[in-house]
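Keep in mind that the numbers below use all heavy atoms, side chains included, and drop hydrogens, waters and symmetry copies.
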Amino acid sequence: MEDYQRRLIEEVFGESSEESNTSISISISISRSDCKWERVNEIKGLSLCTHFLTPHQQSALLQSIRQEGWFTDASHNQAMRFGDLPAWANELSMCIRELILYTNYDPESIGEMDGQDCLFPSKLLNREPLFDQLIANSYQPGEGICAHVDLMRFEDGIALISLESSCVMHFSRAQTDVKQPELKIPVYLTPGSLLLISGEARYQWKHEINRKPGFQKWDGLEIEQKRRTSITLRKLCNSE
């Protein structure tokens, strides 16, 4: 079984090479038992995969990001690429697609997901390319993002990989009754986790990360603030 899995991975991602140090190698074994999907019951279209990347893969990814030279100056904390993405970003995309495909058809991996056996709608998963735009962010302690819905210039289906520091991302309805208190749904993003956003979660919910003191808590404990890096993968509308 291990030989079969190794051959399958090589067919998808190519043979590994220890001589190459210009791109990460993050090929994910599709049978890894520690890749656990979690549904956010309150929000349709929001799925979290914990332990998507191992600590070694996270370090390799961070090294590839540093090689881009994007964050050499502390005042530069964001970088975007359109169309021709770096090799490591394309590899991330392939890993995401293969992991979703495997999980969608493996009942033991899916578990109970509100009767839904698909993490990503097939029309999104089968598009080519899966993603053609990325945004990389490097946040210092205390820095976060304001509540927003991603621009409509991007298609449905967004993937977010979280690195370095853990954090809580809060989701709230894009349109709410002013007479009702705003409901915020917390999602705990650990280093190496993957968050998929589609459908209702993509269009009807805002997301934010408030890293000011008192806002970053999980299980009643304050999260230690460290530098955090995130990679967001999206697809431009009418980009084909």
Test side-chain contact (heavy atoms from CB on, under 4.5 Å) on Leu92 and Phe131 and set out the steps. CA-CA 10 Å; Leu92 274 176; Phe131 305 110; over 6 Å; no
Apply salt bridge (charged side-chain N to carboxylate O under 4.0 Å, His left out) to the pair Glu128 and Arg97, showing each step before the final yes or no. CA-CA 11 Å; Glu128 290 293 345; Arg97 173 177 273 152; 3.1 Å; yes
Let's go through Leu125 and Leu119 carefully: what are the C-alpha distance in whole Å and the side-chain angles of both, what is the deciding distance for side-chain contact (heavy atoms from CB on, under 4.5 Å) to 0.1 Å, and is it a yes or a no? CA-CA 9 Å; Leu125 193 60; Leu119 296 163; over 6 Å; no
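With contacts defined as side-chain heavy-atom distances shorter than 4.5 Å, the pair Trp205/Ile185 qualifies. Side-chain atoms of Ile135 and Gln78, non-hydrogen and from C-beta on, do get closer than 4.5 Å to each other. Annotation: side chain of Leu85 is not in contact with side chain of Glu91 (no heavy-atom distance under 4.5 Å). Inter-residue side-chain proximity for Ser93 and Pro129 is flagged as unmet; no heavy-atom pair is nearer than 4.5 Å. A 4.5 Å side-chain heavy-atom check between Leu236 and Phe154 finds at least one atom pair inside the cut-off. Between Lys184 and Ser172 there is a side-chain heavy-atom pair separated by less than 4.5 Å.
How far CG of Leu130 is from CG of Leu124: 8.5 Å, rounded to the nearest 0.5 Å. Interatomic distance, CG of Leu195 versus CZ of Phe52, reported as 12.0 Å (0.5 Å rounding). In this structure, CD in Gln216 is found 8.0 Å from OG in Ser165, a value given to the nearest 0.5 Å. Note: Leu194 CG to Ile100 CD1 = 7.0 Å, rounded to the nearest 0.5 Å. From Leu61, atom CG reaches atom CD of Gln63 across 10.5 Å, with rounding to the nearest 0.5 Å. A distance of 11.5 Å separates CG of Asn137 from CG of Leu163, quoted to the nearest 0.5 Å.
If you chain together hydrophobic residues whose side chains sit under 4.5 Å apart, Ile145 and Phe171 fall into the same group. With hydrophobic clusters built from ILVMFWY side chains whose heavy atoms lie under 4.5 angstrom apart, Val149 does not share a cluster with Leu183. Under the 4.5 Å side-chain contact rule for hydrophobic residues, Ile223 and Met169 do not share a cluster. With hydrophobic clusters built from ILVMFWY side chains whose heavy atoms lie under 4.5 angstrom apart, Phe215 does not share a cluster with Val168.
Closest approach of Gln225 and Gly142 over heavy atoms only: OE1-N, 3.5 Å. Between Pro191 and Ser166, the closest heavy-atom pair is CD-OG, 3.1 Å. For the pair Glu155 and Cys237, the tightest heavy-atom approach, listed with the atom from each and the gap, is N-SG, 3.6 Å.
Applying the side chain to side chain contact (heavy atoms under 4.5 Å, CB included) test between Leu160 and each of Leu189, Leu233, Ile231, Leu196 identifies Leu189 as the sole match. Across Gln140, Glu164, Glu143, a single residue satisfies side-chain hydrogen bond (donor to acceptor under 3.5 Å, both in side chains) together with Arg227, and that is Glu164.
The closest donor-acceptor contact from the side chain of Gln204 to the backbone of Ala174 lies at 3.5 Å or more, if one exists at all. Between the side chain of Asn210 and the backbone N or O of Lys212, at least one donor-acceptor pair lies under 3.5 Å. The closest donor-acceptor contact from the side chain of Glu200 to the backbone of Gly45 lies at 3.5 Å or more, if one exists at all. Here the side chain of Thr190 pairs no donor or acceptor atom with the backbone of Ser193 at under 3.5 angstrom. With hydrogens and angles disregarded, no donor-acceptor distance shorter than 3.5 Å links the side chain of Tyr203 to the backbone of Met152. Without hydrogens or angle criteria, Glu222 side chain to Gly214 main chain gives a donor-acceptor distance under 3.5 Å. Counting only distance, with no hydrogens or angles, the side chain of His148 and the backbone of Cys146 share a donor-acceptor pair below 3.5 Å. The backbone N or O of Lys226 sits less than 3.5 Å from a side-chain atom of Arg211, completing a donor-acceptor pair.
The local environment of CZ in Phe71 is crowded, with over 12 non-hydrogen atoms from other residues, nucleotides or ligands closer than 6.0 Å.
Side chain to side chain, Gln133 and Arg234 meet the donor-acceptor criterion of an N or O pair below 3.5 Å. Arg228 and Ser162 form a side-chain donor-acceptor contact under 3.5 Å, judged by distance and modelled atom types alone.
Between Trp218 and Tyr188, the ring centre distance stays below 6.0 Å. For His170 and His207, the gap between ring centers reaches or exceeds 6.0 Å.
Under the 30°/60° scheme for interplanar angles, the aromatic rings of Trp70 and Trp88 are found to stand perpendicular.
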